[in-house]
Amino acid sequence: MVAFPEQPVGPAFPQAADMDVLLRRTEVELKAGHFQATRDVLLPLGGMGNARADFLLACAHAGCGEYEHAATSLMAVGLSNDSGRHAASDLVTLFGQLDRRADSLNVLRALVRRVPDDPRILDALGDLLSHLGEYDEALDILDRSLAIRPHAQYTRNLKAIALLERGDIEEASRIFRSVLDMTPDNAVALSNLACIHSALNEPDASLALYRTALQRQPGNAVIRLNHSVALLKAGRFAQGWTEHEWRLRLPGHTNLPPERMLPALTDDVDLRGRRVLITQEEGLGDTLMYLRYIAPLARRGAIVSLWVPNSLASLCRRVEGVAKVYMGSTCPDYDWHCPFISLPRVFMATPDAMGAPVPYLKADEELVERFAPLLPQNGRLNVGLVWGGAPRRHMTTAMMLDRKRSMPLATLAPLAKLRGINLISFQKGPYATQGTMLPAGMTLYNPMPHVHSMDDTAALLMGIDVLVSVDTSVVHLAGGLGKPVLLMDRFDNCWRWLSGRTDSIWYPDLTIFRQPRPRDWESVVKNVTRRVREMAAIRKAA
């Protein structure tokens, strides 16, 4: 922890410039989770009319478990805040990034006890409860807020989002339309309604709404990014990949100079001898999917280097066309750089628009041989299982998405009743603990304690007959290796699986089993079980 310099902060009030430095430093300490030291520094400044100091002190109190004190500080900030949102919403954001949402929940409940009729506080509490999956209580709280301010558009949007998360799509659509009835030019409501139509596989209605929203706010990067996803899901790749570059204007993406971004490949672009650095951007699945473009890039004469996480390094070294793989925090030298997710845009107008054919990934043969004894060799069909993704709880949107794409292991119990198969866990992360509490009658082989990287996972995948998985990175690894995959997909599926399809344009041996309605995994598992039974029968007859 960085030690705070000794300085008088009581009666001898710091000068404004010194105060700004102090508060910026305390904010850094809070984000690092150093609550007690931050609280001690800020205590003399509380209640002295500095809203920023009061807010940071509230966060420090919350982190120390002093929820009533945090509520007191937040009340001072909130009452001096004329914006539509209470400062408590910013506390929710910070503690979400720290994966300490229970602390912010306790603070908000303390605030509501003191000020039960402040709609801004109710909005913050309802939004947080929605993040936590407590949809019924969230909706009750938001209805209390709407009873005070019936026409509050922000609150209506929060309620519609909570309904969407609960699976009440029609009611959420009605609320978004009610916002548009009040304010027809509301670009956010237009975009949210467009997102619903995209989830329902209604691309024409979705894209029409996005066009209207962008007429209102053409520079809104979030709406532009959502528009790109709808275009891609509709199979309109040329426009979609170009529009998808708007993500680079949002936090969390590349900070390398835009003037050195690899341009779209045309006859005028000569890459011979040029150093091209391809960089990790989002999840591991994206990287695994877009590694298909490395070989075509190298064939154009580029010297291709990859900058990736440690867990992918060994696997990436075997991808055709890779000159060098970098890890760590120091950026390698390059002439051009390109995030993995921009590679389809680069190749859009070339014969390699879909990249190299499957398999474009290769397992380490030595590892394949080493991991073979970990798999059953009894002549039955070896079925790999993944029932949960990566929660990424420090990212609220990703956490909420994971809640929809993942399922309890017990949901897969019907597979355990099939004869002639072995169930093998490929599950890592928090969901793996469910493998210690198996449903009655389920036998699950678990080689994952021996697996420490994607390279290990790739080697293990080569010994199974089929992977049955929710939408997570292992799907892309198996697909890129050319292994059969049965994808158990959520109702509002990712764009890459397109609309209304059961096959994949990216992986020729992948079959999609999609929820017919939100959160209906029972139907998905029933259909997957039927397919696995057929595969086992073919295996037995062979």
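Atom set for the values below is all heavy atoms of this structure, side chains included, hydrogens, waters and symmetry mates excluded.
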Exam field: side chain [X] to backbone [Y], donor-acceptor pair closer than 3.5 Å:
X      : Y      : answer
Thr472 : Val474 : no
Asn382 : Pro376 : yes
Arg501 : Leu498 : no

Test item: side-chain donor near acceptor, Asn422 and Asn378, under 3.5 Å: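 Yes, Asn378 and Asn422 have a side-chain donor paired with an acceptor closer than 3.5 Å.
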Would Gln97 and His394 count as having a side-chain donor-acceptor pair, cut-off 3.5 Å?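 His394 and Gln97 do not have a side-chain donor-acceptor pair below 3.5 Å.
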Can you tell me if [X] has over 12 outside heavy atoms packed within less than 6.0 Å of its [atom1]?
X      : atom1 : result
Lys362 : NZ    : no
Glu171 : CD    : yes
Glu282 : CD    : yes

Test ring-ring contact (aromatic ring centres under 6.0 Å, His included) applied to Trp495 - qualifying residues, sequence neighbours left out: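 By the ring-ring contact (aromatic ring centres under 6.0 Å, His included) rule, Trp495 matches Trp241.
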[atom1]/[X] to [atom2]/[Y] distance, rounded to the nearest 0.5 angstrom?
X      : Y      : atom1 : atom2 : answer
Leu225 : Asn220 : CG    : CG    : 10.0 Å
Thr287 : Ile341 : OG1   : CD1   : 7.0 Å
Met348 : Leu343 : CE    : CG    : 12.5 Å
Arg514 : Asn201 : CZ    : CG    : 6.5 Å
Glu281 : Leu248 : CD    : CG    : 6.0 Å

Check whether NZ of the Lys or CZ of the Arg Arg292 lies under 6.0 Å from the centre of the six-membered ring of Tyr507 and within 45 degrees of that ring's axis.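 Satisfied, under 6.0 Å and within 45°.
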Arg249 vs Arg224, side chain to side chain contact (heavy atoms under 4.5 Å, CB included): CA-CA, chis, key distance, verdict: CA-CA 10 Å; Arg249 305 195 186 195; Arg224 298 297 293 254; over 6 Å; no
With Ile512 as reference, evaluate Asn493, Leu487, Val524 under the side-chain contact (heavy atoms from CB on, under 4.5 Å) test and give the passing residue.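 Answer after filtering Asn493, Leu487, Val524: Leu487.
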Which residue in the set Arg380, Lys483, Arg539 passes salt bridge (charged side-chain N to carboxylate O under 4.0 Å, His left out) when paired with Asp465?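 Of the listed options, the one satisfying the test is Arg539.
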Begin with the C-alpha distance, continue with both residues' side-chain angles, and end with the deciding distance and a verdict on side chain to side chain contact (heavy atoms under 4.5 Å, CB included) for Ser130 and Met400. CA-CA 9 Å; Ser130 182; Met400 294 171 73; 4.1 Å; yes
If you take all heavy atoms of [X] and [Y], which pair is closest and at what distance?
X      : Y      : result
Asp136 : Arg166 : OD1-NH1, 2.6 Å
Arg101 : Gly96  : NH2-O, 3.3 Å
His476 : Leu361 : O-CD1, 4.3 Å
Ala162 : Leu139 : CB-CD2, 3.8 Å

